[in-house]
**Q** 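Here it is, the structure, as structure tokens.
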Amino acid sequence: MPTGKPFATGVITAWEMLIDLPLPTALRKKFRRRADPAMTLMGFPVVGLLFGVAAWLAGTLFHNLFNPVAASLLWALLVAAALTFKDYGRGVSLLGSCFMLKLRGEPAAEAAVRAESGISILNHPAATLFLGLFEILLVVFLYLLASYGATGWITVVLTGAFTLQGYLALHAEDLAGSPLLPVAPEEHRRLWITAGIIGLLLVFVFPVGVVAAAAIVYFASTGFAGYFRRNLGSLTADQVTLVGTFIEFLLLFTGVLLALKMN
């Protein structure tokens, strides 16, 4: 496993591909050189781990400062906002737009192509209703996780969803038709090795959950990549974001089910 500046540069580049919230200028200047795409690929699950650990620590802090109900609600609202606006709402908007197009009878592949990521989708009542319900469910799921003392599950959610986006990015193209993440096929395993190492750390906290999440991420990654390849030839960055947002929600729901069953 690589260490040092090349790996850190890859993590920074992965952050900038996944998250629109800017990093400190000093950090970006220090690692401003072009990243090796293989290092960037390894950075996807690492960014999920870092983002998730930050949210986990926030949950621990809130539970030490406030009563359990207030702490759980505050954490749920904060993390729901972070998940929604980490890409300036692009992923949630794409989901809402795709839902609206499906209601109109569009095939799934066509809906994924035509889905819009802008605020203009709020002009459509169906999309607005979907987004409202989505955000409410997001807060409810996060509140339940916090109530059951499982704020750490957000680390599993983000590591898994960002790993999936890394895999899909290998099969995506930019607007010029060039590969979004040009990594040699023999280097693709780096993504799964990195995610696997993180999973081995998290399995001590969520033994059953990490295994379930790993299965969801692996089969969703290969399944969606194959689906888009068969129906569209490749993916775009928006479609990677769309699927990633859906998997985040699915992994959150999985965590709530496991928390309810174990309690």
Side-chain angles (χ1 to χ4, degrees), residues 1 10-11 14-15 17-19 38 40-56 79 82-83 86-87 91-92 94-95 98 108 112 134 137-138 141-142 145 150-172 180-181 183 185 187-230 235 237-259 261:
M1 298 291 286
V11 172
W15 175 285
M17 292 179 71
L18 288 162
I19 298 171
T40 301
L41 180 64
M42 295 173 64
F44 276 76
V46 174
V47 172
L49 174 67
L50 296 174
F51 202 134
V53 167
W56 190 356
V79 176
L83 291 177
K86 69 182 186 300
D87 55 11
V92 177
L94 286 165
L95 267 183
C98 194
F134 181 88
L137 284 174
L138 197 61
F141 289 168
L142 290 164
L145 287 175
T151 53
W153 182 254
I154 193 65
T155 307
V156 178
V157 170
L158 290 170
T159 300
F162 288 0
T163 297
L164 172 136
Q165 290 186 67
Y167 183 84
L168 294 183
L170 294 170
H171 304 273
L180 195 62
L181 197 59
V183 178
E187 299 290 343
H188 290 187
R189 66 183 184 277
R190 289 176 179 247
L191 174 71
W192 300 114
I193 292 172
T194 307
I197 291 172
I198 296 171
L200 287 175
L201 298 174
L202 294 174
V203 79
F204 292 103
V205 185
F206 303 103
V208 177
V210 167
V211 173
I216 290 171
V217 169
Y218 178 77
F219 288 111
S221 297
T222 54
F224 277 109
Y227 175 81
F228 282 109
R229 191 165 52 246
R230 289 191 303 273
L235 295 91
D238 275 353
Q239 288 156 2
V240 172
T241 301
L242 170 67
V243 177
T245 303
F246 171 71
I247 294 302
E248 280 178 15
F249 188 80
L250 179 60
L251 291 174
L252 267 179
F253 180 60
T254 303
V256 169
L257 291 180
L258 291 171
K261 182 177 178 60

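Numbers for residues simply follow the sequence, beginning at 1. What you see is a predicted model; the values in this text were computed from it and never measured.
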**Q** What I'd like to find out is whether the side chain of L251 reaches to under 4.5 Å of the side chain of V156, using heavy atoms alone.
**A**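 No; the side chains remain at least 4.5 Å from each other.
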**Q** With rounding to the nearest 0.5 Å, note down the distance linking OG1 in T159 to CD1 in I154.
**A**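 T159 OG1 to I154 CD1: 9.5 Å, rounded to 0.5 Å.
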**Q** Just by distance, do the side chain of H188 and the backbone of V183 share a donor-acceptor pair under 3.5 Å?
**A**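 Present.
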**Q** For the CG atom of L242 and the CZ atom of F228, what is their distance to the nearest 0.5 Å?
**A**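 Interatomic distance, L242 CG to F228 CZ, rounded to 0.5 Å: 6.0 Å.
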**Q** Would you say L180 and L235 make side-chain contact, with heavy atoms under 4.5 Å?
**A**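 Of all side-chain heavy-atom pairs linking L235 with L180, none is under 4.5 Å.
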**Q** Considering non-hydrogen atoms only, spot the tightest contact between S221 and L168 and give its length.
**A**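 It is O-CD2, 3.7 Å.
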**Q** Drop me the distance from R189's CZ to M42's CE, to the nearest 0.5 angstrom.
**A**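 Reported value, rounded in 0.5 Å steps: 10.5 Å.
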**Q** If you round to the nearest 0.5 Å, how far is CD1 of I19 from CG of L158?
**A**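 L158 atom CG to I19 atom CD1 measures 8.0 Å (nearest 0.5 Å).
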**Q** Which distance, rounded to the nearest 0.5 Å, do you find between the CG of L202 and the OG1 of T155?
**A**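 Those atoms lie 6.0 Å apart.
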**Q** Any idea how F206 and W56 line up, ring-wise: parallel (<30°), tilted (30 to 60°), or perpendicular (>60°)?
**A**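 Plane angle between 30° and 60°, so tilted.
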**Q** Under the criterion side-chain contact (heavy atoms from CB on, under 4.5 Å), I'd like the reasoning laid out for T151 against L145: C-alpha separation, chi angles, the key distance, then a yes or no.
**A** CA-CA 6 Å; T151 53; L145 287 175; 5.8 Å; no
**Q** Which heavy atom of A161 sits nearest to which heavy atom of E248, and what is that distance?
**A**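 Of all heavy-atom pairs spanning A161 and E248, the closest is CB-CG, 3.3 Å.
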**Q** Please report the closest heavy-atom contact between G43 and A14, naming both atoms and the distance.
**A**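 Minimum heavy-atom contact is C-CB, 3.6 Å.
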**Q** If I compare all heavy atoms of P45 with all of T194, which pair ends up nearest, and what's the gap?
**A**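 Heavy atoms only, the tightest pair is CG-CG2, 3.7 Å.
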**Q** Should V11 and W15 count as side-chain neighbours, where that means a heavy-atom distance under 4.5 Å?
**A**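 When only atoms from C-beta onward are counted, W15 and V11 do not touch, as no gap falls below 4.5 Å.
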**Q** Identify which one of F249, W153, F134 satisfies the ring-ring contact (aromatic ring centres under 6.0 Å, His included) criterion when paired with F141.
**A**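 Exactly one option meets the ring-ring contact (aromatic ring centres under 6.0 Å, His included) with F141, and it is F249.
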**Q** Enter the distance from L181:CG to E187:CD here, rounded to the nearest 0.5 Å.
**A**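 These two atoms lie 11.5 Å from each other.
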**Q** Show the nearest heavy-atom pair for residues R190 and A38, with the distance to one decimal.
**A**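 Between these two residues, the closest heavy atoms are CD-CB, 3.9 Å.
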**Q** Working note: L83 + T245, criterion side-chain contact (heavy atoms from CB on, under 4.5 Å); need CA distance, chi angles, decisive distance, verdict.
**A** CA-CA 9 Å; L83 291 177; T245 303; over 6 Å; no
**Q** Could you report the tightest heavy-atom contact between D87 and L18, atom names first, then the distance?
**A**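 Minimum heavy-atom separation between D87 and L18: CB-O, 4.4 Å.
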**Q** Determine whether M17 and F44 make a side-chain contact, defined as any pair of heavy atoms from C-beta on separated by less than 4.5 Å.
**A**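 Yes; the side chains approach each other to less than 4.5 Å.
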**Q** Between L164 and F246, is a side-chain contact (heavy atoms from CB on, under 4.5 Å) present by the stated rule, with each step listed?
**A** CA-CA 11 Å; L164 172 136; F246 171 71; over 6 Å; no
**Q** Under the criterion side-chain contact (heavy atoms from CB on, under 4.5 Å), I'd like the reasoning laid out for W192 against Y167: C-alpha separation, chi angles, the key distance, then a yes or no.
**A** CA-CA 9 Å; W192 300 114; Y167 183 84; 3.5 Å; yes
